[in-house]
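Chain naming here is simple, since letters A, B, ... match the order of the sequence lines and numbering starts at 1 in each. Note that the coordinates shown come from a computational prediction; the quantities given were computed from them, not determined experimentally.
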Amino acid sequence: MSVRTRFAPSPTGSLHVGGVRTALFCLLHARRHGGRFLLRIEDTDRARSTEEAAEGILRDLRWLGLQWDEGPGAEQAGTGPYFQAQRLDLYNAVIDQLLASGHAYEAWDTHAELDAERAIASAAKLNFRYVRKFLDADTIAAYRAEGRTPVVRLAAPRHDLHVEDEILGQVTQTADELDDIVIRKADGFPTYHFAVVIDDYKMGVSLVLRGQEHLMNTHKHLGIYEALNWAPPKYAHLPLIANPDNTKMSKRDKAKTSREAARRAQVERKGDPKDWSWLAEATGRTVDDLAGFMAKQHDSIATAEAIATFLKVKLPMIEVMDFRKGGYLPEALINYMALLGWSPGDDREVLPFDELVAAWDLTRVNKTQAKFDAEKLAWMNGEYIKKYDLDTLTVAHTSYLDVVPTSPFAGMPAERRRAFLALYQPRIATFADLDEAARFFFIRPTTWDAKAVQKHLLADGGLERLALIRDALAALPEWAAAEIQLALDGLAATHDVKLGQIAQPLRVALTGTAVSPQIHDTLALLGRTESLDRLQAALSTHAR
RNA sequence: GAUCCCAUCGUCUAGUCAGGUCCAGGACACCGGAUUUUCAUUCCGGCGACACGGGUUCGAAUCCCGUUGGGAUCACCA
């Protein structure tokens with residue numbers, strides 16, 4: 001049987017790290033075995049699914065280079081459509097079949113009735129199992145008359161069910177734990193459990209690779225396969241990715257971080273703990289939105305981000321867009337994610353996509369949940385930045401600028417950005433680092449690092465040397481790195497000083513600090529006029 | 001609470017299935033040193049783990065049992 005894997009996100013939000021890892025492993029598995037990787041959008045939750053979220057997910061997957069063989073925009077005869085909301089006829093046909101064969105039945109309970117049953121079970125310290133009701137035609141007619149619409153439930157198997165998981169081994173659920181799950185909701189849409197089974201089967205999926213949060217669901221799915229007498233696919237459940245504090249990584253972490261920061265700020269300003277109007281005003285959100293957010297009534301990412309910006313706290317990176325805006329390279333992110341819960345078995349860590357594919361082995365996936373380590377990701381990103389050729393790096397940098405219009409490099413021609421990247425390639429881990437490190441190129445120093453001024457300008461004749469340097473540079477016929485380097489070397493030889501005694505006063509004058517790339521490169525990139533102006537400014541500012 | 005999953009340096013992991021080659025290897029981080037005009041890069045070194053308790057065995061990180069700890073799931077969400 002040919003290998004077919006699928007990634008099936010629901011479009012209720014943007015793509016986050018857990019989803020990236022699942023999609024990546026599915027793709028690696030398909031590529032390794034010459035199979036196909038499908039993308040399906042699970043939009044059966046009509047209240048929460050949005051077209052915008054679906055588009056965002058497609059965009060993020062494309063940015064990551066996680067290209068699907070079949071799915072939206074890559075239609076294949078026989079397997080589409082790839083949005084579940086467009087597949088209702090398919091589901092209903094199977095539900096009719098199940099109803100006719102007696103494997104499923106209509107249930108008329110209201111939410112209130114079910115809640116009451118659950119409350120009774122919980123009071124008796126028993127686990128809730130749905131109890132089938134055998135209703136006569138009159139009762140059903142009465143329910144219908146009062147406006148009830150039935151759901152369809154699957155009659156659960158009466159025997160134990162075993163999942164043969166490719167990673168975890170056999171996982172059993174006993175018959176008495178199986179419940180009659182809802183397969184069609186009152187709104188006529190299938191539940192996730194039902195749609196996932198029908199689609200995986202109809203799309204020929206051979207291996208379901210997903211997060212371990214689905215492990216307990218698998219027995220439900222197996223029950224459906226059994227009722228239909230269909231052969232189920234293979235299953236493999238990936239360990240979850242956790243935060244440093246061991247909680248599950250989720251988008252809610254952003255809300256959590258912002259809430260904590262807001263509470264700290266409230267304490268600091270000694271404000272009324274219930275009054276958030278000041279924050280609403282400061283962040284431009286409505287008072288209601290902020291009050292609701294602080295009362296944990298919602299976890300709006302927009303609100304969380306507004307608060308974080310105002311209070312200057314860093315939100316955890318969770319969503320793909322966070323990493324893109326953070327100046328990460330998609331290939332580095334992919335490489336790092338591959339190493340979360342999997343390893344090639346040897347000491348290699350920097351593995352570009354093709355090498356990941358070649359090394360891929362499902363049986364090497366771990367059972368233990370892994371914590372997301374942003375520092376190691378930053379290191380990995382630095383490795384990729386160092387090894388990329390400048391043209392590739394410049395293209396990647398353009399993609400960064402597309403989402404970070406506030407970067408000082410926004411609008412700069414690629415040619416000139418390339419020169420900056422060449423200079424900073426060994427010194428940055430992310431493009432965001434570059435914005436920070438190269439800031440002095442864009443803003444003349446207005447404050448000077450006191451220690452650096454003392455050491456390199458005031459002491460040891462620094463200022464006098466700086467004046468000589470300025471004159472020598474001003475006399476240069478051509479302003480280029482090589483010529484400048486030659487001139488500075490010559491100056492050091494003539495005056496019998498070490499190069500550091502030339503370079504350091506220059507750095508302080510040009511940048512306000514003792515840190516910059518190679519001094520001749522810095523001068524060249526800064527340009528003649530700007531460099532000489534800055535030297536002059538430093539000389540007059542620090543003259544005794 | 002019930003059911004299920006998991007357990008090696010602070011973190012990601014190799015080693016576990018087929019017990020000895022492991023007083024446990026690599027990487028990130030951290031600390032120190034060398035190179036470098038500064039910062040980086042690069043290179044060297046250091047720190048640091050088999051959760052605990054029993055058992056099986058000549059021998060256990062590896063097999064078994066228990067304890068503890070962590071996690072997931074218990075919806076007309078996916």
Taking only residues two or more places apart in sequence or in another chain, which ones pass ring pair (Phe, Tyr, Trp, His ring centres under 6.0 Å) with A:Trp342? A:Trp360
Under 4.0 angstrom, heavy atoms only, what part of the nucleic acid is A:Gly341 near: base, sugar-phosphate, or nothing? sugar-phosphate
Side-chain (A:Thr511) to main-chain (A:Phe440) donor-acceptor, under 3.5 angstrom: no
If you look at every strand shown and take non-hydrogen atoms under 4.0 Å, does A:Ser343 touch a base, only sugar-phosphate, or nothing? sugar-phosphate
Pick base, sugar-phosphate or nothing for A:Leu340, based on heavy-atom distances below 4.0 Å to the nucleic acid. sugar-phosphate
Given A:Asp180, which partner from the list A:Arg153, A:Lys133, A:Arg129, A:Arg132 fulfils the salt bridge (charged side-chain N to carboxylate O under 4.0 Å, His left out) test? A:Arg132
Do the ring centers of A:Phe409 and A:Phe442 come within less than 6.0 Å of each other? yes
Now, which nucleotide makes the Watson-Crick or G-U wobble pair with B:rC30, with each of the two distances under 3.5 Å? B:rG46
Pairwise P distance for B:rC6 and B:rA51, with rounding to whole Å: 15 Å
Between B:rC23 and B:rG59 - C1' atom distance, rounded Å: 15 Å
Under 4.0 Å between any heavy atoms, over every strand shown, what does A:Arg364 touch: base, sugar-phosphate, or nothing? Just pick one. sugar-phosphate
When rounded to the nearest Å, what value does the distance between C1' atoms of B:rA27 and B:rA14 take? 11 Å
Check every strand shown and say whether A:Thr44 touches a base, only sugar-phosphate, or nothing at a heavy-atom separation below 4.0 Å. sugar-phosphate
By the 4.0 Å heavy-atom rule, please label A:Asp45 as base, sugar-phosphate, or nothing. sugar-phosphate
A:Asp346 near the nucleic acid: base, sugar-phosphate alone, or nothing, with a heavy-atom cut-off under 4.0 Å? nothing
Span that lies between the C1' atom of B:rU62 and that of B:rC22, in whole angstrom: 11 Å
What is the nucleic acid contact for A:Arg148, judged by heavy atoms within less than 4.0 Å: base, sugar-phosphate only, or nothing? nothing
Applying a 4.0 Å non-hydrogen cut-off, can you work out what A:Pro9 is touching in the nucleic acid: base, sugar-phosphate, or nothing? nothing
For A:His219, give me all partners under ring pair (Phe, Tyr, Trp, His ring centres under 6.0 Å), at least two apart in sequence or on another chain. none
Nearest-nucleotide comparison on RNA chain B, the residue closer to the 5′ end among A:Glu349 and A:Thr368: A:Thr368
If you look at every strand shown and take non-hydrogen atoms under 4.0 Å, does A:His520 touch a base, only sugar-phosphate, or nothing? base
So A:Gln501, base contact, sugar-phosphate only, or nothing? Heavy-atom distance under 4.0 Å. nothing
What are the 5'-most and 3'-most nucleotides of RNA chain B lying under 4.0 Å from any heavy atom of chain A? B:rG1 to B:rA78
Base, sugar-phosphate or nothing for A:Asn366? Non-hydrogen atoms, less than 4.0 Å. sugar-phosphate
Rounding to an integer number of angstrom, what distance separates B:rU11 and B:rG70 when you compare their P atoms? 14 Å
Assign A:Ala370 to base, sugar-phosphate, or nothing according to its heavy-atom contacts below 4.0 angstrom with the strands shown. sugar-phosphate
Separation of the P atoms in B:rC50 and B:rA61, to the nearest angstrom: 11 Å
Test A:Asp200 against every option in A:Arg40, A:Arg210, A:Lys234 by the salt bridge (charged side-chain N to carboxylate O under 4.0 Å, His left out) rule and name the one that passes. A:Arg40
Under 3.5 Å, is there a donor-acceptor pair between the side chain of A:His495 and the main chain of A:Val497? no
Reading RNA chain B from 5' onward, which residue's closest nucleotide shows up sooner: A:Asp373 or A:Val515? A:Asp373
Is a side-chain donor or acceptor of A:Asn366 paired with a backbone partner of A:Thr368 at a separation under 3.5 angstrom? no
Paired to B:rC52 by Watson-Crick or G-U wobble criteria (both distances under 3.5 Å) is B:rG66
Atom P, compared across B:rG20 and B:rC63: separation rounded to whole Å: 11 Å
Base-pairing assignment for B:rA2 (Watson-Crick or G-U wobble, both under 3.5 Å): B:rU73
Taking atom P in both B:rA60 and B:rU68, what distance in whole Å separates the two? 26 Å
Checking A:Trp479 side chain against A:Leu523 main chain: does a donor-acceptor pair fall under 3.5 Å? yes
How is A:Glu213 classified with respect to the nucleic acid when contacts are heavy atoms under 4.0 Å: base, sugar-phosphate, or nothing? sugar-phosphate
